[in-house]
Amino acid sequence: MAEVTYICKRTVVSTKPVQPGKHCSLSVLGHQMEKNHVRMVYYYRWGRGEGEAGEMTKRLRESLSEMLTHFPIATGRLIKNDNGHWMIKCNDAGVRMVEARAKGSVEDWLQSVDREKELKLVHWEDMLYKPYFWSTFYAQITEFEGGGLAIGLSCTHLQADPTCATMFIKAWADTTLAHKMRAPPHFHPLPPRRPGNKIPNHKPYTSLINHYKVLIHNSTAFAQAKHTTVALAFSHHMVKACMGLAQKSSGPSPSPFEALAGLFWVCVSKVKGLRNGLVNMSICMDTRKALGLDRGFFGSCMVYNKVDSEGLKEHELSQAAIAVGEVVAKMDVEGVMDLIEWLQHNDSQSPPLMNNDLICSSLEAVDPYSIKFVEEFEPVRVSYYVEPVFGIGQVFIFPAPAGEGLFGRVVMVTLPEDEAVKLCEDELILQFSPTILMGVNKNYA
Amino acid sequence: MDPSGATHSATASGGAGGAVGVRIQQSRRLPDFLQSVNLKYVKLGYHYLISNLLTLCFIPLIIVTLIEASQMNLNDIRQLWLHLQYNLLSVVICSAFLVFGLTVYIMTRPRPIYLVDYSCYRPPDRLKAPFDSFMEHSRLNGNFDDSSLEFQRKILERSGLGEETYVPEAMHHIPPTPSMAVAREEAEQVMFGALDNLFTNTNVKPKDIGVLVVNCSLFNPTPSLSSMIVNKYKLRGNIRSFNLGGMGCSAGVIAIDLARELLQVHRNTYAVVVSTENITQNWYFGNKKSMLIPNCLFRVGCSAVLLSNKAMDRRRAKYKLVHVVRTHRGADDKAFRCVYQEQDDKGKTGVSLSKDLMAIAGGALKTNITTLGPLVLPISEQLLFFSTLLVKKLFNENVKPYIPDFKLAFDHFCIHAGGRAVIDELEKNLQLLPIHVEASRMTLHRFGNTSSSSIWYELAYMEAKGRMRKGNRVWQIAFGSGFKCNSAVWKALRNVKPSQNGPWEDCVHKYPVKKLS
């Protein structure tokens, strides 16, 4: 039974023409992420009386057009520059928008949704063999016949990471609400290291660079069983409890990300059947804050780093969390600048990364639950995906709605199906009584 | 000095080294009299002399009368009065004839037609089609082969269109979704947009409209577009409504002519003329080159004009209609097939433009101005033309025909923005200055070829630029399939300011845009 029916696909251009001849280059960090794309879904629920079917879609279409005037990089197309790297030609060709309709109401959908169904709400097309005609951004608006709306956005990771994509949606929401954008975006290359900050005898942070070297050489994807995604919400108190558990008696308190990352590292290793030692894990951090970029920076800033699992034979939460913490601390401005400079000098023509480890991404910088398209209606659910999943699996950790408290977090885990089931039944996880927002659906209606 | 343009060849003498001699034709002619500065002033003087000839002839007569009148004394006046008394009967009969003749003359004069206001539709900004988006869509819909795509790209670049022209909703979809319902939606959107604006600006009540003429060449559903308007605005039951279909880009002037003739018959009423074109179902999805050009040129637009024959509207009207001249060249087979809608070998429908389009347009224009010239040109130009014609017929066959200077007859020109080639051709043929064709070029740049409504966008441009002064005469020229060339002449009744919510309101400060060659 087709629950989601596609109505049409169209191109949306900006309302004011772009200056001709403009080009935007992409950051080296973005180049590494070419094989990935970001997908997000935002669910909104408002009463059935809020305007007829299609009216909200029309409004969103117009506000998208208005807002794209400020995002020439999103309406441009990819071309290769003289060095053979991708850059964007700002030719105002537009973004694609798909309109769809779904049966039932948002609440019904959310009760029985799973990964496969949710991805139907976010349209994506892989790069065409002629990339000049390929749109890098796709938006989908699905109206639920029983009330509610789902807004999906997908974009290539070359240009935008989840933080950027959230910024894009926020700009769209602000334009729909008030025809004004609160924080217009900036497009500029990553800043170089500030000369005053050069520490004499500075040893470059080699492990980060080495990690990338390894990734670049070993970039092949494992053939995988069918993946599924589960979403678990941890309340403020539970996350605090987790942090408490993860803290070694005398040491500093881990951050929510470190605690939860440690928790899932341990649990995923358990469900994979590893008795001694933990699976290979990389964390993926948003380096905006580390690099001191302002909030309006638009570009891909996610950096991987491997967490050392040497000497972690037992499935002990605090040790895992501390290991994660150490790696996070090392990814400061110096470390990341070293990596960026190495990547710029290396200038290799090698294909971009396909990371096979368990990837644990921190999306602490986003605030998706505050994005309102209509006054007083915040999203009821937000989901993030970075596709495709190459190796062991993925874990995304991002803030829960503000009402849940400072430390409330939502975790989205993508694993092969049987492992995901086992994960949801794992005792350590259940100790923190998460609410299962999206579970594994055995029954397909 | 040679009396008549002698030419002699000068051979560039190569040296003894056997260099190839290049023949350079150097023609030494007399300086072109019409271009030399001194002659220009002579011509102007001649023009003023002939225009005011009648007045000049009267001056001696007036002088004589004044001299006689001053020499009259009371006795002479008494004599005059006695003469009148004796011949009372003949005097009364003469005056009666005079009054009767005057009355008949006044009654049979055509009623003046006033253009109260007009409105041109500006589509929403999200329907804009920048070049790259257009090319991307053409490629992605899969119907065009590479050479067709390349051809369309070249035409687009040389077309004179800008990046802000509007394309209907259905063409923004991938794949495009033209259908009758969507075409109706486009028609409703443009027509009702223009009419709402017109009614708001003029405060006319829909029930006061007695005549409605709509022209749209390529889309003719049943019920007609004029019925759609009657339905939407609840016009009155005895309205005289007409829907002109298939008449091409010159149908706007034809509609004005029809409205004018109806307003002669129906007194004291308003007429609304709506000119538009429908792009949705008329995109060509095949690969025949002659049929691909309209894809690159035609864009969404609509105009609505309010005409009145009420005397009281003279005060608030913008223009008065002076002449309409219609010329049809359909009797000539080549002209008839010049713009032809047909199906290609694969069965796809499109409008094909023949290669002789420019030549035929030039010929149609010549026929039109032959009729229009005597109506509008000052006597000075007509005499010159006539005398050159006499000389040509009777004495010397080789004298170049005199092209009357229409710049003396008109202050503004609205040339249908059919494409850059049409405007260039007319600029050359009529010897116009760049400022005269600026409105046409800028309309083509901003809105593309909106078919029959483009002459109204051009008029709006001139108003927006503040160039329309009282007494200025405007010449609107439209070409269209058939092959037809129609002209309308208007006279401004006051210094015209652009109406509210005009199509150029947001962007006139950016124009004129430099011509990119």
Side-chain angles (χ1 to χ4, degrees), chain A residues 6-23 54 57-69 72 74-79 88-99 123 125 128-140 172 175-176 179, chain B residues 122-146 149-150 152-153 156-157 161-179 181-182 185-186 189 280 299-300 445-448 506-507 509-511 513-514 516:
Chain A
Y6 289 103
I7 300 176
C8 69
K9 175 168 78 164
R10 63 175 86 224
T11 304
V12 179
V13 296
S14 63
T15 49
K16 292 206 186 6
V18 156
Q19 256 180 341
K22 226 172 117 182
H23 290 92
T57 309
K58 232 178 125 197
R59 234 168 84 191
L60 287 172
R61 214 160 61 209
E62 286 169 9
S63 60
L64 180 62
S65 232
E66 255 184 73
M67 159 268 208
L68 283 174
T69 324
T75 52
R77 292 288 178 266
L78 287 173
I79 56 173
I88 297 279
K89 181 174 173 194
C90 298
N91 64 358
D92 206 11
V95 305
R96 303 271 186 257
M97 195 175 97
V98 172
E99 290 171 30
H123 184 76
E125 285 168 20
L128 301 178
Y129 80 97
K130 279 214 171 155
Y132 191 59
F133 301 111
W134 177 66
S135 170
T136 49
F137 274 76
Y138 296 84
Q140 178 171 337
W172 187 4
T175 314
T176 315
H179 297 281
Chain B
R122 181 170 30 132
D125 284 338
R126 61 189 168 78
L127 291 180
K128 284 187 187 175
F131 281 14
D132 280 326
S133 191
F134 175 94
M135 286 316 303
E136 190 171 288
H137 274 248
S138 300
R139 181 172 283 276
L140 288 176
N141 77 41
N143 287 308
F144 300 119
D145 60 27
D146 282 339
L149 286 168
E150 188 53 33
Q152 286 189 81
R153 193 184 62 79
L156 199 58
E157 278 170 14
L161 267 70
E163 304 258 4
E164 297 185 83
T165 59
Y166 301 95
V167 147
E169 192 75 64
M171 301 313 298
H172 282 270
H173 289 206
I174 296 175
T177 52
S179 69
V182 178
E185 271 174 28
E186 179 196 341
Q189 186 190 31
T280 299
R299 296 289 182 262
V300 173
H445 184 271
R446 174 71 176 86
F447 292 99
D506 63 337
C507 62
H509 56 275
K510 287 196 276 184
Y511 286 92
V513 165
K514 277 270 150 62
L516 302 162

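We use all heavy atoms of the structure for the numbers below, so side chains are in, but hydrogens, waters and symmetry mates are not. Just so we're on the same page: letters track the sequence lines, and every chain starts at 1.
Of the listed residues (S65(A), S14(A), C8(A), A93(A)), the greatest number of heavy-atom pairs within a distance under 4.5 Å of chain B belongs to A93(A). Your options are P17(A), P20(A), S135(A), and the one with the most heavy-atom pairs under 4.5 Å with chain B is P17(A).
Residue E136(B) touches chain A through both its backbone and its side chain, counting heavy-atom pairs closer than 4.5 Å. With a 4.5 angstrom heavy-atom cutoff, R126(B) touches chain A via backbone and side-chain atoms both. The contact between I174(B) and chain A is made by backbone and side chain atoms together, counting heavy-atom distances below 4.5 Å.
In this structure, R446(B) contributes its side chain and G162(B) its backbone to no donor-acceptor pair below 3.5 Å.
Look at D92(A) and K128(B) and you find no salt bridge, because none of the NZ, NE, NH1 or NH2 atoms lies under 4.0 Å from a carboxylate O. Between R59(A) and E62(A) no salt bridge is recorded (no basic side-chain N to carboxylate O distance below 4.0 Å).
E66(A) and T175(A) share no side-chain donor-acceptor pair at under 3.5 Å.
Every residue meeting the side chain to side chain donor-acceptor pair (under 3.5 Å) condition with R10(A), not counting sequence neighbours, appears here in chain and number order: E99(A), E169(B), H173(B).
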